[in-house]
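Working notes for the structure below.
Nothing here was measured: the structure is a model prediction, and the numbers come from that model.
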Amino acid sequence: DAKTTQPPSMDCAEGRAANLPCNHSTISGNEYVYWYRQIHSQGPQYIIHGLKNNETNEMASLIITEDRKSSTLILPHATLRDTAVYYCIVRGYSGGGADGLTFGKGTHLIIQP
Amino acid sequence: DTEVTQTPKHLVMGMTNKKSLKCEQHMGHRAMYWYKQKAKKPPELMFVYSYEKLSINESVPSRFSPECPNSSLLNLHLHALQPEDSALYLCASSQRVNTEAFFGQGTRLTVV
């Protein structure tokens, strides 16, 4: 699976959009971009994933650049409860069976009141 | 029901004890996972089960023994652990490859 690079920490004001970047310059054609977050002392929570098109769900939007070498997770109206470590993960297709997620260090997003 | 349930939530065990961690899901998922997370570190994959068969063992010491008795249950048997094995143990499940994984809240294990 391709490696990802994320800033170690970011701040965002409550009510504003939080934009979390991720670089994955070695991503290959069949690899998906996944985002998870982990609130302190809880299990990771799935947010969103995509292959090449932009995706949106009730939690967030995922913008993937045309060359797929980077992506941005957007939380449109951040709240204090969005303070967490956000993980960008590139996950390949292993051709059968199941594989596991490989977590990097992630971005610690702190929402300021 | 999108829940993965792990029991117990907290466990303290001595180095000579034998204990088991349990994980359960009723989403019909056929892949289940164990992760280990040390403080201030990301989760690390330990084991992957696919269709009740062990498909990935990330070179985990034999004092950790996974078991998948059926498609809804995943156990992690612990024996002769060391204090450095103290960590948050997370279970997850997913429907198949390239689908999202759902995590439990973890078992906080302390080895004394």
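- For the ring pair (Phe, Tyr, Trp, His ring centres under 6.0 Å) test, residues two or more places apart in sequence or in another chain that qualify with H29(B) are F102(B).
- Contacts between residues 104-112 of chain B and chain A, defined by a heavy-atom separation under 4.5 Å, are made by G104(B), Q105(B), R108(B).
- Of residues 58-65 of chain B, not one residue has a non-hydrogen atom less than 4.5 Å from any non-hydrogen atom of chain A.
- Put simply, of H108(A), Q45(A), Q42(A), the one with the most heavy-atom pairs under 4.5 Å next to chain B is Q42(A).
- Among residue pairs with one or both ends in residues 13-23 of chain A, none qualify as side-chain hydrogen bond (donor to acceptor under 3.5 Å, both in side chains); sequence neighbours excluded.
- L11(B) and L81(B) fall within the same hydrophobic cluster, defined by Ile, Leu, Val, Met, Phe, Trp and Tyr side-chain heavy atoms under 4.5 Å apart, directly or through other members.
- Put simply, the side chain of Y35(B) reaches to within 4.5 Å of the side chain of F103(A), judged on heavy atoms.
- Distance CD/Q38(A) to CD/Q37(B): 4.0 Å, rounded to 0.5 Å.
- To the nearest 0.5 Å, the span separating CD on E100(B) from CZ on R91(A) amounts to 9.5 Å.
- Within 6.0 Å of NZ on K18(B) lie no more than 12 heavy atoms contributed by other residues, nucleotides or ligands.
- In this structure, G104(A) and P42(B) approach most closely via the heavy-atom pair O-CB, 3.1 Å.
- Criterion: ILVMFWY side-chain heavy atoms under 4.5 Å apart, direct or through other members. Under it, L73(B) and L76(B) are not part of a common hydrophobic cluster.
- Heavy atoms only, all atoms of each residue included: L90(B) and G43(A) are closest at CD2-CA, 3.8 Å.
- Listed for the Y36(A) side chain is a donor-acceptor partner under 3.5 Å among the backbone atoms of A101(B).
- Put simply, I56(B) and Y33(B) are part of the same group of oily side chains (I, L, V, M, F, W, Y) that touch within less than 4.5 Å, one to the next.
- Counting heavy atoms of neighbouring residues, nucleotides and ligands inside a 6.0 Å radius, atom CD of E24(B) exceeds 12 of them.
- In the hydrophobic clustering of this structure, L21(B) groups with M13(B); members are Ile, Leu, Val, Met, Phe, Trp, Tyr whose side-chain heavy atoms approach within less than 4.5 Å, directly or through other members.
- For chain B, the nearby parts of L101(A) are the backbone and the side chain; heavy atoms of each come within less than 4.5 Å.
- Note on L109(A): it clusters hydrophobically with M59(A), by side-chain heavy-atom contacts below 4.5 Å among ILVMFWY residues.
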